[in-house]
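What follows is one structure encoded as structure tokens, with my remarks underneath.
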Amino acid sequence: QVQPVESGGGLAQAGGSLKLSCAGSRRTFSGYVVGWFRQVPGKEREFVAAIGWRGNNTVYEDSVEGRFTISRDNAKNTVYLQMNSLKPEDTAVYYCATDSRPFMVLPETRVHVYDNWGQGTQVTVSS
């Protein structure tokens with residue numbers, strides 16, 4: 001199974017923006033919900049956002065709602081996370097992953113249903 005590859009992380013100032021990309025393959029992305037997650041040392045990985053396999057359903061964690069936007073380009077097998085109005089508490093390693101179940105209508109927020117994780121990309125927001 002080909003792992004997705006995250007990119008676009010880096011250092012940003014509070015109030016700034018970053019856009020993350022999650023590149024997969026047609027075999028691993030086509031027909032699957034894709035989610036973004038984040039993790040800081042010593043804490044469990046947490047859900048950030050997810051998008052349905054057609055791209056018409058999205059769900060966000062409360063603290064990022066209105067600031068982050070998830071989207072996907074199925075022709076490129078890529079999912080994006082546009083992060084605006086960044087806060088220091090957004091600092092984390094960000095991961096993408098696919099729901100283990102194909103053709104789910106509604107994106108899932110439960111971390112344990114996702115598999116095929118990428119290696120992550122570090123996002124650091126300075127105050």
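Everything numeric in this text was worked out from a predicted model, so none of it was measured.
- Taking the side chain as every heavy atom from C-beta outward, Leu20 and Trp36 approach each other to under 4.5 Å.
- Between Ser17 and Gln82 the shortest side-chain heavy-atom distance falls below 4.5 Å.
- Remark: Glu61 engages no residue in a salt bridge (charged side-chain N to carboxylate O under 4.0 Å, His left out) (not counting sequence neighbours).
- Here the shortest heavy-atom pairing between Val93 and Gln122 reads CG2-OE1, 3.2 Å.
- Partners of Tyr114 according to the ring pair (Phe, Tyr, Trp, His ring centres under 6.0 Å) rule, which considers only residues two or more places apart in sequence or in another chain, are Phe37.
- Interatomic distance, Phe29 CZ to Asn74 CG, rounded to the nearest 0.5 Å: 9.5 Å.
- Residues passing the side chain to side chain donor-acceptor pair (under 3.5 Å) test with Thr28 are Ser25, sequence neighbours excluded.
- No continuous path of ILVMFWY side-chain contacts below 4.5 Å connects Val48 to Trp117, so the two sit in separate hydrophobic clusters.
- Residues in residues 4-15 take part in no side-chain hydrogen bond (donor to acceptor under 3.5 Å, both in side chains) pair, two or more places apart or across chains.
- Contact detail for Thr78 and Ser21: the closest heavy-atom pair is CG2-CB, 4.3 Å.
- The side chain to side chain donor-acceptor pair (under 3.5 Å) test applied to Asp73 returns no partner, not counting sequence neighbours.
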Asp115 and Ser100: CA distance, side-chain angles, deciding distance, side-chain hydrogen bond (donor to acceptor under 3.5 Å, both in side chains) verdict: CA-CA 6 Å; Asp115 62 6; Ser100 59; 4.7 Å; no
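- For the salt bridge (charged side-chain N to carboxylate O under 4.0 Å, His left out) condition, no pair includes a residue of residues 9-35, sequence neighbours left out.
- Checked against side chain to side chain contact (heavy atoms under 4.5 Å, CB included), Ser71 has the following partners two or more places apart in sequence or in another chain: Tyr80.
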Start with the C-alpha gap between Tyr94 and Leu81, add the side-chain angles, then the distance that decides, and say whether side-chain contact (heavy atoms from CB on, under 4.5 Å) holds. CA-CA 10 Å; Tyr94 283 71; Leu81 186 67; 4.3 Å; yes
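- Remark: of the listed residues Thr124, Val123, Asn84, Val123 is the sole one forming a side-chain contact (heavy atoms from CB on, under 4.5 Å) with Leu18.
- Listed by chain and number, the residues in a side chain to side chain contact (heavy atoms under 4.5 Å, CB included) with Ala14 are Pro88, Val125 (sequence neighbours excluded).
- Applying the salt bridge (charged side-chain N to carboxylate O under 4.0 Å, His left out) test to pairs two or more places apart or on separate chains, none has a residue in residues 74-89.
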Using residues 51-60 as the side-chain source, report each donor-acceptor pair under 3.5 Å to any protein atom, sequence neighbours left out, with the distance given to one decimal.
unit_1 : atom_1 : unit_2 : atom_2 : d
Asn57  : ND2    : Val105 : O      : 3.1
Tyr60  : OH     : Ile70  : N      : 2.9

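- Scanning both residues, Arg45 and Tyr95, for their nearest heavy atoms gives NH2-CZ, 3.5 Å.
- Within the structure, every pair that satisfies the salt bridge (charged side-chain N to carboxylate O under 4.0 Å, His left out) test and touches residues 104-113, not counting sequence neighbours, is listed here: Arg101-Glu108, Glu108-Arg110.
- By the 4.5 Å heavy-atom criterion applied to side chains, Pro4 and Asn116 are counted as neighbours.
- Asp90 pairs by the salt bridge (charged side-chain N to carboxylate O under 4.0 Å, His left out) definition with Arg38, Arg67, not counting sequence neighbours.
- For Val34 against Cys22, the heavy-atom pair with the smallest separation is CG1-SG, 4.5 Å.
- Judged by distance alone, the side chain of Gln3 and the main-chain N or O of Gly118 form no donor-acceptor pair under 3.5 Å.
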